[in-house]
2 protein chains.
Amino acid sequence: MLRGEITDAIRRAVMQELAAVGYGRLSIEAVARRAGVGKTAIYRRWNSKLEMVLEIVSRVAGQSLPLPDTGTLRGDLEALLRIVTRALCHPLASQIIPDLLAEAARNPQLAQTLQESLRVNQRDVGNQVIGRAVDRGELPAGTDPDAAIDLIVGPLYWRLAVARTPLPENHLPWMAESVATALGAGAPAAPGGPARSGDDPVTVPLPR
Amino acid sequence: MLRGEITDAIRRAVMQELAAVGYGRLSIEAVARRAGVGKTAIYRRWNSKLEMVLEIVSRVAGQSLPLPDTGTLRGDLEALLRIVTRALCHPLASQIIPDLLAEAARNPQLAQTLQESLRVNQRDVGNQVIGRAVDRGELPAGTDPDAAIDLIVGPLYWRLAVARTPLPENHLPWMAESVATALGAGAPAAPGGPARSGDDPVTVPLPR
DNA sequence: CGACGACGGTACGGTTGCGTCCCGACGTAC
DNA sequence: GTACGTCGGGACGCAACCGTACCGTCGTCG
């Protein structure tokens, strides 16, 4: 009968330690110290550092974010950008997320866990927003949801998590507007959208 | 009289080790092992792990990239995207860059070094491309170069370094087109550009 | 050809973390 | 009130790495 309060303290300590030193240097001893807990209490719950981090991170990252249907593509985009901004401005998250993503590049198990708990969720959100916009006639039918997600999340992630430059006032609405325009104007000449609708499956292989 | 071949071997080993285990777990012993070199040879050149990595990384990252003037905003964008893609697809770089950027979030000295050798260079490129486009009349005069860089590099970085999904064929031209459109159509209704020309300086404060 | 110095290698003491085990204390359920 | 299990804490042997010191070797200048 493990005590939940202890488990919570460990979880909190792992997040703080992840932010402080990163996954690479995360040590069980430091987690135990920070949580005010014996190493025994940790090993009683998880078998290894990887397993512990996977469980804790996926639990946090797996929380589905509610996305309101604002009735407009621009509205949806702005709401989405606002959610992402809020998440990436969180001091813990802004340290942990880039660190884990970098670590995932060399740790397949971690990569898979993040993929399942983060990307799947995010992909659904993207598909929803794009799908609704297509239904409303705001976007051409062939719009590629994956490319759309790149355009939506990429600039914000770059700004907040990589360049780490603060956002000017009214930046989000401008960004939403820009992205909406970019998506709607994807096809230069030929109609059908950026991914060429569905007439050329080779164009969107997406292996793995 | 330190032998240059040895220094080069160490440099190469550091890059490989950085890619393999990341900055957090980089050890001098491992570098020496990989380079086929005694630890002495390393300590003879640098005083610490941080100093060594700073020197080596800044040397690599400081290489200025030549950007041809294609005569078109779309052309410049596509060329720029192609350069970034090539850099981010390099197996070593794709592992090292996200790792160092994540580490920079908690290591001010590393952050400053990366800032100086990477961002300065990149910022110049962005200013050039945007400036030329403004001169040609392709973009409104008030276009914010920083925001433009976000839109240009962000999606590609997200795609290649974070999501790590391969690019579909012809993705770059489409991206260049989208970004060009997004930049030129920043203002929702009133003409004058995304930053409202110069009638409202509050809109583009950009602290720091 | 001789002296100098960087070379690879080894060993050092000290620190840190691993994963396991044992202890006495506490609390709870029966 | 007794028995059980988790608790914090400490100690264990083992491993890795730190930064330094000291070898004998080898190449390169002068």
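Proteins get letters first, then strands, A, B, ... in listed order; numbering begins at 1 in each.
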Q) So which of residues 33-51 of chain A are in contact with DNA chain D, with a heavy-atom cut-off of under 4.0 Å? A) A:G36, A:V37, A:G38, A:T40, A:A41, A:R44, A:R45

Q: Only counting residues at least two apart or in another chain, list the ones meeting side-chain contact (heavy atoms from CB on, under 4.5 Å) with A:E78.
A: A:R82, A:P173, A:A176

Q) Quick one: do B:E55 and B:R11 make a salt bridge, cutoff under 4.0 Å? A) yes

Q: May I have the step-by-step check of salt bridge (Lys or Arg N to Asp or Glu O under 4.0 Å) for A:R136 and A:D69, ending in yes or no?
A: CA-CA 12 Å; A:R136 292 191 204 104; A:D69 186 345; 3.0 Å; yes

Q: Please report the closest heavy-atom contact between A:A87 and A:A93, naming both atoms and the distance.
A: O-CB, 3.4 Å

Enumerate donor-acceptor pairs with a distance under 3.5 Å from any side-chain N or O in residues 13-24 of chain A to protein atoms, sequence neighbours excluded.
unit_1 : atom_1 : unit_2 : atom_2 : d
A:Q16  : OE1    : A:R34  : NH1    : 3.3
A:E17  : OE1    : A:R34  : NE     : 2.6
A:E17  : OE1    : A:R34  : NH2    : 3.1

Q. Parallel under 30°, tilted from 30 to 60°, perpendicular over 60°: which one fits the rings of A:W158 and B:Y157?
A. perpendicular

(Q) Below 4.0 Å from chain A heavy atoms, what is the first contacting nucleotide of DNA chain D and what is the last? (A) D:dT6 to D:dG9

Q. For the atom pair CD1 (A:I130) and CG (A:D135), what is the distance rounded to the nearest 0.5 Å?
A. 11.5 Å

(Q) Taking B:E103 first and then A:R25, would you say they form a salt bridge - that is, a charged N and a carboxylate O separated by under 4.0 Å? (A) yes

Q. At what distance, to the nearest 0.5 angstrom, does CG of B:L77 lie from OG1 of B:T72?
A. 10.0 Å

Q) Is the closest side-chain heavy-atom distance between B:L110 and B:L114 below 4.5 Å? A) yes

Q | Heavy-atom side-chain contact between A:D99 and B:R106 under 4.5 Å | A | yes

Q: Find the bend of the helix from C:dC1-D:dG30 to C:dC30-D:dG1 as the angle between its two terminal axes (five pairs each), to the nearest 10°.
A: 20°

**Q.** A:Y43 vs A:N47 side-chain heavy atoms within contact, under 4.5 Å
**A.** no

(Q) Counting only heavy atoms and a strict 4.0 angstrom limit, can you tell me which residues of residues 1-31 of chain B come near DNA chain C? (A) B:M1, B:L2, B:R3, B:I6

